[in-house]
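The structure appears right after this line, and notes come after that.
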Amino acid sequence: MNFSNEITQWYSNNKRDLPWRNTTDAYTIWLSEIILQQTRVEQGMPYFYRFLEHYPNVAAFAAASEDDILKLWQGLGYYSRGRNMLTTARLVNELYKGTFPNQYEQLIKLKGIGEYTAAAISSFSANEAKAVVDGNVYRVLARYFGISEPINSTKGKKLFQETANDILNHDNPGLHNQAMMELGAIICKPKSPACGICPVNIGCHAFLNNATTQLPVKLKTVKVRERYLNYFLITDGEKVLMNKRGMKDIWANMYDLPLIETSEKPDPYEVVQLSEAVEYFGSDAEVIEVSGPLTHILTHQRLKVNFIILKSKGIKLKQEWFYTEVENLKNLAMPQIIFIFLTNFFTFKNNFPFSN
DNA sequence: AACGCGGGGTT
DNA sequence: AACCCAGCGTT
């Protein structure tokens, strides 16, 4: 038995029953693949069901608004995925009359679809002979063949893609690709891999040389930036003052609260004295209550967040600010920390959340 | 080639 | 705290 036969047989007997594996519909597979980019299966699963229910085909997706998509995407992170999907859905609806393409060369041109995703959709949907290389495959290949080239260097990416191409089973590329990823997810795990029950342990360089902890090799990532975000909760009757974020920075085009960012750890009461605050809130602005700082961790940023309840007579609205009914908050896509704060605040009005 | 982009789970 | 997750787009 060769490598591919071993893992595909193992896969057939041990695979998880995942909803996107029961179809060859390119639209459905596209949906699942974008959701699963840098996202664990368990985390993406409920979003997959939700999106499929709201948008059962590409025409339905194309008809959605960006606000709709971002709201449904809320909590999943990497929101550009959702915005890129909308671009792609609208293009596909025009260009291919609502039939999602399943050929690599067409897929790779679409926004949000890179080498991995184009290979995944084309091999799963049309059995096209393109090898997938995701985080799982990097790990399996590095260990099995003893490849110590960093997986995130340009040279490494090329080498791993070539290696994946070399061992691809051309008789059933879709099955082979699924098996590679499943092996990485279930057996060849990052920590404490289950080498004892691995179908290809005989022949695995890392297993034979007790080197699973050294492989794969990955170049150091950049350091985390600290930011201090001071959010203001300003109400007017049953309305809340909200902010629509721009295209730069995190949480593009999503909704949060009026914000003043400071370069150093601030005293919330002094933030209100800053000229920027005085300009918009007036010098008579009064701090009612403060909670924070809360720490919100992103991959490359550590956010220290203050929430400041403010009362003021003369608010001067910035262009991106608008009042909205509390009832309408459920329609706005917000970063998790904002969503949780507002949910708690308006659920426990008399009991300020996160006070410390 | 390097960087930016979320949120959550595991070790 | 470090690392990882069915990566991709921009600079």
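Convention: sequence-line order gives letters A, B, ...; per-chain numbering from 1. Values reported hereafter were calculated over all heavy atoms of this structure, with side chains retained and with hydrogens, waters and symmetry mates removed. Please read these numbers as outputs of a predicted model, since none were measured by experiment.
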By nearest nucleotide on DNA chain B, pick out whichever of A:Lys157 and A:Met334 is the more 5' one. A:Lys157

With nearest nucleotides of DNA chain B determined for A:Lys189 and A:Lys155 from heavy-atom distances, which residue corresponds to the more 5′ nucleotide? A:Lys155

Pick the C1' atom in C:dA6 and in B:dC3, then give their distance to the nearest Å. 23 Å

What's the gap between B:dG6 and C:dC3 when it is taken at their C1' atoms, as a whole Å value? 15 Å

Measuring from the side chain of [X] (C-beta onward, heavy atoms only), which nucleotide among [options] has the closest atom?
X	options	value
A:Arg225	C:dA1, C:dA6, B:dC5	B:dC5
A:Pro190	B:dG6, B:dG4, C:dC5	C:dC5
A:Asp249	B:dG7, B:dC5, C:dA6	B:dC5
A:Gln336	B:dC5, B:dG7, B:dT11	B:dG7
A:Leu18	C:dA6, B:dG7, C:dG9	C:dA6

Can you list, by residue number, the residues of residues 116-140 of chain A that have a non-hydrogen atom closer than 4.0 angstrom to DNA chain C? A:Tyr116, A:Thr117, A:Asp134, A:Gly135, A:Asn136, A:Arg139

Side-chain contact test, heavy atoms from C-beta onward, threshold under 4.5 Å: evaluate it for A:Met180 versus A:Leu141 and give yes or no. yes

Determine the contact category for A:Asn177: base if any of its heavy atoms lies under 4.0 Å from a base atom, sugar-phosphate if only primed atoms, P, OP1 or OP2 are that close, otherwise nothing. nothing

Any salt bridge between A:Glu226 and A:Arg302, counting N to O under 4.0 Å? yes

Is A:Glu66 salt-bridged to A:Lys71, cutoff N-O under 4.0 Å? no

Can you find a donor-acceptor pair, distance only, under 3.5 Å between A:Ser80 side chain and C:dG9 base? no

Quick one: hydrophobic cluster around A:Tyr104, which other residues, with the 4.5 Å side-chain cut-off, linked directly or via members? A:Ile108

Is there a side-chain polar atom (N or O) of [X] under 4.0 Å from OP1 or OP2 of [N]?
X	N	answer
A:Gln74	B:dG7	no
A:His296	B:dG6	no
A:Lys220	C:dA2	no

Tell me whether the rings of A:Phe61 and A:Phe51 are parallel (<30°), tilted (30 to 60°) or perpendicular (>60°). parallel

Whether A:Phe281 and A:Trp321 hold their rings parallel, tilted or perpendicular, with breakpoints at 30° and 60°: parallel

Can you work out whether A:Pro216 or A:Lys248 has the more 5'-proximal nearest nucleotide on DNA chain C? A:Pro216

Under the salt bridge (Lys or Arg N to Asp or Glu O under 4.0 Å) rule, what do A:Arg245 and A:Asp249 come out as? Steps first, then yes or no, please. CA-CA 9 Å; A:Arg245 299 181 61 83; A:Asp249 208 349; 3.5 Å; yes

Under a plain distance cut-off of 3.5 Å, with no hydrogens placed, do A:Thr8 and A:His176 share a side-chain donor-acceptor pair? no

Should the heavy atoms of other residues, nucleotides or ligands under 6.0 Å from NZ of A:Lys158 be counted, would the total exceed 12? no

Identify, residue by residue, the members of residues 26-56 of chain A with a heavy atom below 4.0 Å from DNA chain B, and return them in order of residue number, or none. A:Gln38, A:Thr39, A:Arg40, A:Gln43

